[in-house]
Novice: 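If you scroll down you'll find the structure; I have some questions about it.
All ligand and atom numbering here is 1-based and tracks the order in the structure. A quick note: this is a predicted structure, and the numbers were derived from the prediction, not measured.
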Amino acid sequence: MTTGPTPLIAANWKSNQYWEGCVEFINELKELLPEQFDLGHEPPVDVLICPPFPYIPLMGMLLEEATIYLGAQDVSRFDGGAYTGDVSAAMLADLECDYCIVGHSERRNVFSDTDELIAQKILQLIEQELVPILCVGESLETRDTGQAVDFTLGQLSALKTELGRCEADRLVIAYEPLWAIGTGRNAEPADAQEMCAAIRDWLRDNLRGYEKTVPILYGGSVKPENAAAYFCQTDIDGALVGGASLKANLFAQLVRLYKV
Ligand code: 13P
């Protein structure tokens, strides 16, 4: 936990949840985290939900009276036009999204998103004043050969030229080792801390000033049983949560754990 960046607990729903599930989730969350639904109350931790694209307007309505941010899980690299299936950053801004995940390992591995493509998406988001959440992280093979830090920092290098050019002051980085995503096998908190500290050093060396403002999250099988061990690490400013964010009671527990 640091005194610098504002901590963030973010839900990545991936391709899960339907209309009714969204409504039930928010109704339950209202009971469990009433202070997040009280606009007069300043919450100590930022909370974000990234639903699938079709439910963003619904979630926007359900969260109208809440201090919970709304985000998307991906964005087009183009600013609009003849790109069938793509959703532009301007559309996300129109729906009042605050954040957008980019470079998730599922996009990198299943949809072949490259660092260059991810950098273009980040630029689109910055132009529309959305906060990009850049996901980075290594495979098990890379970790086993001792290259985890070099590999992960390499995924940040596209940021240097892009952010240097447009002077974005808001960005989130999520460290998500591939072997910990959806497997139930979470990273050792000390290993996650080591990586997040390396990311912060990289920011200090390459984008001076960002190390003080950019929240660095851990993601990969985070659940109420293991979250506190991450949240007490110096360079971990919160979590990007998949599976456990689909159940309101588990997600609420994670938010509460950060507040303790
Ligand atoms: P799980 O929490 O299900 O491991 O997913 C992590 C993740 O990919 C969040 O972006």
Side-chain angles (χ1 to χ4, degrees), residues 7-17 21 25 29 45-53 55-56 59 68-75 92 97-113 118 121-122 125 130-140 142-143 148 151-152 155-156 171-189 191-192 195-196 199 214-231 233 236-258:
L8 175 67
I9 307 294
N12 175 9
W13 282 358
K14 309 189 180 186
S15 294
N16 296 297
Q17 211 75 286
F25 183 97
L29 208 63
V45 53
D46 285 346
V47 178
L48 162 69
I49 300 177
C50 301
F53 282 136
Y55 304 117
I56 290 174
M59 290 293 285
I68 294 179
Y69 292 103
L70 183 62
Q73 301 170 17
D74 192 32
V75 68
L92 298 179
C97 281
D98 308 289
Y99 291 81
C100 181
I101 298 169
V102 282
H104 192 283
S105 62
E106 287 149 14
R107 300 255 16 131
R108 292 178 190 264
N109 294 337
V110 184
F111 301 96
S112 307
D113 280 15
I118 293 160
K121 292 180 175 187
I122 288 175
L125 292 171
L130 270 86
V131 183
I133 301 179
L134 172 63
C135 299
V136 294
E138 82 287 355
S139 66
L140 194 53
T142 305
R143 176 152 288 269
F151 178 86
T152 302
Q155 290 181 319
L156 295 176
L171 171 75
V172 177
I173 295 174
Y175 167 56
E176 300 204 309
L178 271 60
W179 43 273
I181 295 176
T183 59
R185 179 187 165 185
N186 55 303
E188 287 299 325
D191 290 343
M195 184 66 81
C196 293
I199 292 171
V214 171
I216 303 172
L217 313 182
Y218 167 74
S221 298
V222 173
K223 43 191 177 243
E225 301 90 285
N226 61 29
Y230 296 109
F231 295 167
Q233 304 291 332
I236 298 180
D237 305 308
L240 181 55
V241 189
S245 75
L246 291 166
K247 299 237 178 325
N249 66 329
L250 298 183
F251 190 58
Q253 282 182 58
L254 293 173
V255 172
R256 288 220 173 280
L257 274 168
Y258 209 101

Novice: Considering the heavy atoms of Glu176, write down every atom of ligand 1 situated less than 4.0 Å from one of them.
Specialist: 6 (C), 7 (C), 8 (O), 9 (C), 10 (O)
Novice: Which atoms of ligand 1 are found less than 4.0 Å from any heavy atom of Leu240?
Specialist: 9 (C), 10 (O)
Novice: Which residues pass the side-chain contact (heavy atoms from CB on, under 4.5 Å) test with Asp113, sequence neighbours left out?
Specialist: Asp74, Arg107, Phe111, Leu117, Ile118, Lys121
Novice: So how far is it from Gln233 CD to Cys196 SG, rounded to the nearest 0.5 Å?
Specialist: 9.0 Å
Novice: Could you name the option among Gly242, Gly182, Gly137, Cys135 that has the heavy atom nearest to atom 4 (O) of ligand 1?
Specialist: Gly182
Novice: Closest heavy-atom contact between Leu246 and Gln17?
Specialist: O-NE2, 3.7 Å
Novice: Who's the nearest protein heavy-atom neighbour of atom 3 (O) of ligand 1, and how far?
Specialist: Gly243 N, 2.8 Å
Novice: Within a 6.0 Å radius of atom OH on Tyr69, are there more than 12 heavy atoms belonging to other residues, nucleotides or ligands?
Specialist: no
Novice: Regarding Tyr218 and Asn186, is there a side-chain donor-to-acceptor distance under 3.5 Å anywhere?
Specialist: no
Novice: Can you find a non-hydrogen atom of Ala244 under 4.0 Å from ligand 1?
Specialist: no
Novice: Need the ligand 1 atom indices (1-based, order shown) with element for anything under 4.0 Å from a heavy-atom of His104.
Specialist: 7 (C), 8 (O), 9 (C), 10 (O)
Novice: Does ligand 1 have any atom sitting under 4.0 Å from a heavy atom of Lys14?
Specialist: yes
Novice: Under 4.0 Å, heavy-atom basis, I'd like to know which part of Ala180 is in contact with ligand 1: side chain, backbone, both or neither.
Specialist: backbone
Novice: Taking atom types as modelled, is there a side-chain donor on Glu176 or His104 under 3.5 Å from an acceptor on the other?
Specialist: yes
Novice: What about the rings of Phe251 and Trp13, do their centers lie closer together than 6.0 Å?
Specialist: no
Novice: With heavy atoms of Asn12 as the reference, note each atom of ligand 1 found under 4.0 Å away.
Specialist: 9 (C), 10 (O)
